[in-house]
**Student:** 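Below: one structure in structure tokens.
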Amino acid sequence: MRSIRRSIEACLLGADVLSSGCTQEIPAPIPAAHPDTTEPRRGGVVTVASFSDLRGLDPANISDGLAPQVLEAIFAGLVDYDANGKIVPDLAERWTVEDGGKTLRFYLHQGARFHDGEEVTADDVKRSVERALHPSAPNPSSSYFESLVGFGEFAAKKTETLEGVQVDGRYVVSFHLKDKDAAFLSVLALPTLRPVCKSAGTRYTDTWHPCGAGPFKLPPNGWERAREINVVRHEGYFRPGLPYLDGVRFLFNVNQTSQRFRFAHGEQDILRDFLAPDLLKFQADPRWKPFGEYEAELQIAGDAMNTEMPPFDNVEVRRAVAAAVNRDEIRLVRAANLNAANQPVPPGVFGHDDTLRGQTYDYEAALEHMRRAGYPYDPVTKTGGYPHVIPYIAYKQSLSEFVAQVLAQQLAKIGIRIEIRIVNYPTFLAIRGRRGQSAFGPAFWKQDYPDAGSILEPLFHSRSINDEDSNNWSFYKNPRVDELIDRARHELDDDKRKKIYVETQEILCDDAPWAFSYYYRYYTQRQPYVRNYHSHPMWTNDMTRVWVDRAMGPVAARAFSPENVLGSLLGRPEGSR
């Protein structure tokens, strides 16, 4: 137990003040100026924040989970997802499906403008697609588009033109597929192939200033790396009257404690990164409850075991780990956000099967798997087990730090010892995605599109293995799994496709390239003056139709300021100096 002096130091350093006894009651919400009106008002800036950072803003190189929320603001696609996760027209006012599902023809809005004022044409669509899918682009999502005619030749640099994308007129562009593809419209709605300004050129470069046709644009000097991104309204946006906001401010590397203080003062308008005690308090407070909501469970998390490195090249060791994980204990690390997982596809994603037994905690079975692996462990004498300590890579300020400590205790009971090594987030991503570098560590994935394939393909298909930036962190290969994932991709019947996904998950749960531990559900709290904000099934912080109705004048909640928290520990009256 830390002393009161240590608690004061924690407050001053911006550490987890609530869990160390620094908390006071949360402040009242800052009300809307006109709560009875539903008529949107133009103007204002909404500020959001994250404790992490992003690495790039090019649709051709999306290498982290934070970038899509900014890309969604800057770039418009031919199609997009609506508030219910359904595919709807965007830059394309309509499309047709021909040739038995192997040709999709899109008709563009005439007069849609890029941020530089140039009109968006079919030539821009083709140029942008070829730029994003050319092998010179470090595009981790390029495999999603392998069904395009000529993709293999284009990826192998045998041709400089992608045959499957054809310009049929100034405002008409067609995509030709080798076979019907159940996921093609869904992946087309992702940021990867969204049209980019001519200044992006025909091939990827990391010196380009992001420029698209979305509702917001990135002005010169709008991105201060590792600190913040400021985007402003695109006055030439093709949807009249939108967006309502003057701009959006994205802050990065802001720890959860600082975010809480900023939110209480009205300096941050939406809060998504919570300390666990904060989250419970907001949820329990009737003043705040109308302005908070959970997202669907779309994210799987667990522990990826590198099947190319010992001891996890032994399937029995992997099975032992999967059986040794007590998911109910791990869930308690953050009970408000976590639910126990037994399969890779989360409940909010098409392909999840409530009847699947999957992976479950079974201590005796875990010991038996260790014996079969050749590393028997005696829990009475605490002898035997795997003879070497296994490095476990986690990253700072993350849930994985705390889950790893619980995991270490659980695995020690079957004779597996891990050493937790904490690194920053970019280093974590680099190490986990590099071949032969990390045997064991936390793993997580959120759906890219509303289908199990968006989780199973990048995480477990052999074509998702790369020497660098591999999405398949377990470097897992199974020809049967590859075959099933590919077959599901070409199956348009939902019932048949789901059966394929169930068989795939049964194999994965048994082969155990991951120990599937928990599903994460995010909770978002907003200030009442942030109007028409809703959690989106695909996009974090979608600001296209959000508007601000904030009264002028003081907004700070003094009872929640760092000075008053420290004062309470020292016995001073609230607000005194």
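Here the structure is a predicted model, which is why all the values come from computation and not from measurement.
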**Student:** Would you please indicate yes or no on a ring centroid separation below 6.0 angstrom for Phe151 and Phe145?
**Tutor:**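 No, the ring centres sit 6.0 Å or more apart.
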**Student:** Taking the ring of Trp514 and the ring of Phe460, is the distance between their centroids below 6.0 Å?
**Tutor:** yes
**Student:** Does some side-chain heavy atom of Asp58 sit less than 4.5 Å from a side-chain heavy atom of Asp206?
**Tutor:**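 With C-beta onward as the side chain, the pair stays apart.
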**Student:** As an exercise, state the distance from CZ of Arg487 to CD1 of Ile500, rounded to the nearest 0.5 Å.
**Tutor:** 4.5 Å
**Student:** Is the ring centre of Tyr520 less than 6.0 Å from the ring centre of Phe444?
**Tutor:**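 No - the distance between ring centres of Tyr520 and Phe444 does not fall below the 6.0 Å cut-off.
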**Student:** Answer yes or no: is there a side-chain heavy-atom contact under 4.5 Å between Trp445 and Pro344?
**Tutor:** no
**Student:** Dump the intermediate steps for side-chain hydrogen bond (donor to acceptor under 3.5 Å, both in side chains) on Tyr476 and Asp511, then the final yes or no.
**Tutor:** CA-CA 9 Å; Tyr476 170 76; Asp511 274 359; 2.6 Å; yes
**Student:** Verify, without hydrogens or angle tests, whether Gln259 (side chain) and Val254 (backbone) share a donor-acceptor contact under 3.5 angstrom.
**Tutor:**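 Yes: the side chain of Gln259 pairs with the backbone of Val254.
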**Student:** Can we say Arg463 and Glu457 salt-bridge, meaning some charged N sits less than 4.0 Å from an Asp/Glu carboxylate O?
**Tutor:**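 A salt bridge is present here (some side-chain N lies under 4.0 Å from a carboxylate O).
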**Student:** Looking at CG of Leu148 and CZ of Phe175, how far apart are the two atoms once the value is rounded to the nearest 0.5 Å?
**Tutor:**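 Here the rounded value is 7.0 Å.
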**Student:** Using side-chain heavy atoms (C-beta onward) and a distance below 4.5 Å, is Asp469 in contact with Pro140?
**Tutor:** no
**Student:** So, Lys178 side chain and Glu146 main chain: donor-acceptor pair closer than 3.5 Å or not?
**Tutor:**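 Yes.
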**Student:** Closer than 3.5 angstrom, by distance alone: can the side chain of Gln359 be matched with the main-chain N or O of Cys509 as a donor-acceptor pair?
**Tutor:** yes
**Student:** Any side-chain heavy-atom pair from Glu295 and Arg521 closer than 4.5 angstrom?
**Tutor:**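 Side chain of Glu295 against side chain of Arg521, heavy atoms only: no contact under 4.5 Å found.
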**Student:** What distance do Ile390 atom CD1 and Ile420 atom CD1 have between them, rounded to the nearest 0.5 Å?
**Tutor:**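 Taking CD1 in Ile390 and CD1 in Ile420, the distance rounds to 12.5 Å.
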**Student:** Below 4.5 Å, heavy atoms only, C-beta onward: do Tyr392 and Leu411 meet side chain to side chain?
**Tutor:** no
**Student:** Measure from NZ or CZ of Arg435 to the centre of the six-membered ring of Phe475, then state whether that distance is under 6.0 Å and the direction lies within 45° of the axis.
**Tutor:**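 No, Arg435 does not lie over the aromatic ring of Phe475.
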**Student:** Quick one, Val187 and Asp448 - any side-chain contact, counting heavy atoms below 4.5 Å?
**Tutor:**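 The answer is no, as the side chains (C-beta and beyond) never meet within the 4.5 Å cut-off.
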**Student:** Backbone N or O of Val389 within a donor-acceptor pair of the Glu419 side chain at under 3.5 Å?
**Tutor:** no
**Student:** Could you walk me through whether His176 and Glu163 satisfy the side-chain contact (heavy atoms from CB on, under 4.5 Å) test, starting with their C-alpha distance in whole Å, then the side-chain angles of each, then the deciding distance to 0.1 Å, before giving a yes or no?
**Tutor:** CA-CA 8 Å; His176 300 280; Glu163 181 184 351; over 6 Å; no
**Student:** Parallel, tilted or perpendicular, judged at 30° and 60°: which one describes the rings of His388 and Tyr386?
**Tutor:** perpendicular
**Student:** Any sub-3.5 Å donor-acceptor pair from Arg526's side-chain atoms to Glu293's backbone N or O?
**Tutor:**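 Side chain of Arg526 to backbone of Glu293: no pair is present.
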**Student:** Among Arg318, Arg480, Arg319, which residue meets the salt bridge (Lys or Arg N to Asp or Glu O under 4.0 Å) test with Asp510?
**Tutor:**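 With Asp510 as partner, Arg318, Arg480, Arg319 yield a single salt bridge (Lys or Arg N to Asp or Glu O under 4.0 Å), made by Arg319.
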**Student:** Would Asn342 and Arg327 count as a side-chain contact (heavy atoms from CB on, under 4.5 Å) here? Give the steps.
**Tutor:** CA-CA 9 Å; Asn342 69 332; Arg327 292 152 181 86; 5.6 Å; no
**Student:** With a 6.0 Å cut-off on ring centres, are Tyr449 and Tyr144 close enough?
**Tutor:**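 For Tyr449 and Tyr144, the ring centres are under 6.0 Å apart.
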**Student:** Go through the steps for Ser50 and Asp273 under the test side-chain contact (heavy atoms from CB on, under 4.5 Å), then give the verdict.
**Tutor:** CA-CA 7 Å; Ser50 173; Asp273 293 342; 3.9 Å; yes
**Student:** Atom NZ of Lys102 and atom NZ of Lys180: how far apart are they, to the nearest 0.5 Å?
**Tutor:** 9.5 Å
**Student:** With side-chain hydrogen bond (donor to acceptor under 3.5 Å, both in side chains) as the test, would you mind laying out the steps for Asp353 and Tyr501 before giving the verdict?
**Tutor:** CA-CA 9 Å; Asp353 185 1; Tyr501 287 144; over 6 Å; no
**Student:** Please indicate whether Arg227 has more than 12 foreign heavy atoms, meaning atoms of other residues, nucleotides or ligands, lying under 6.0 Å from its CZ.
**Tutor:** no
**Student:** Starting at CG of Asn306, measure out to CD of Gln437 and round the result to the nearest 0.5 Å.
**Tutor:**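 Answer rounded to 0.5 Å: 10.0 Å.
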**Student:** So, taking the atom named CG in Asn424 and the one named CG in Asp53, what distance separates them when rounded to the nearest 0.5 Å?
**Tutor:**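 Here the rounded value is 10.0 Å.
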**Student:** Do Leu279 and Tyr523 come within less than 4.5 Å of each other through their side chains, counting heavy atoms only?
**Tutor:** yes
**Student:** Given 3.5 Å as the limit, does a donor-acceptor pair link the side chain of Tyr363 with the main chain of Lys413, or not?
**Tutor:** yes
**Student:** Give a yes or no on whether the backbone of Pro387 and the side-chain of Arg417 come within a donor-acceptor separation of less than 3.5 Å.
**Tutor:** yes
**Student:** Given Asp494, which partner from the list Arg497, Lys496, Lys498 fulfils the salt bridge (Lys or Arg N to Asp or Glu O under 4.0 Å) test?
**Tutor:** Arg497
**Student:** Distance-only check: which donor-acceptor pairs under 3.5 Å involve side-chain atoms of residues 66-75, not counting sequence neighbours?
**Tutor:**
from  : atom 1 : to     : atom 2 : distance (Å)
Gln69 : OE1    : Asn541 : ND2    : 3.0
Glu72 : OE1    : Arg194 : NH1    : 2.7
Glu72 : OE1    : Arg194 : NH2    : 3.0
Glu72 : OE2    : Trp539 : NE1    : 3.4

**Student:** List for me each residue that meets ring-ring contact (aromatic ring centres under 6.0 Å, His included) alongside Phe154, sequence neighbours excluded, and say none if there are none.
**Tutor:** His134
**Student:** Does any non-hydrogen side-chain atom of Asp181 lie less than 4.5 Å from one of Arg489?
**Tutor:**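 When only atoms from C-beta onward are counted, Asp181 and Arg489 do touch, with a gap below 4.5 Å.
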**Student:** List the steps and the verdict of ring-ring contact (aromatic ring centres under 6.0 Å, His included) for Phe428 and Trp473.
**Tutor:** CA-CA 12 Å; Phe428 168 81; Trp473 284 354; 5.7 Å; yes
**Student:** Dump the intermediate steps for side-chain contact (heavy atoms from CB on, under 4.5 Å) on Val406 and Leu332, then the final yes or no.
**Tutor:** CA-CA 10 Å; Val406 178; Leu332 295 177; over 6 Å; no
**Student:** List the steps, then state whether salt bridge (charged side-chain N to carboxylate O under 4.0 Å, His left out) holds for Lys499 with Glu503.
**Tutor:** CA-CA 6 Å; Lys499 289 180 180 178; Glu503 182 180 348; over 6 Å; no
**Student:** Under the rule for ring-ring contact (aromatic ring centres under 6.0 Å, His included), what residues qualify as partners of Phe350, not counting sequence neighbours?
**Tutor:** none
**Student:** So, the side chain of Ser464 versus the backbone of Leu459: is there a donor-acceptor pair under 3.5 Å, distance only?
**Tutor:**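 Such a contact is absent between Ser464 side chain and Leu459 backbone.
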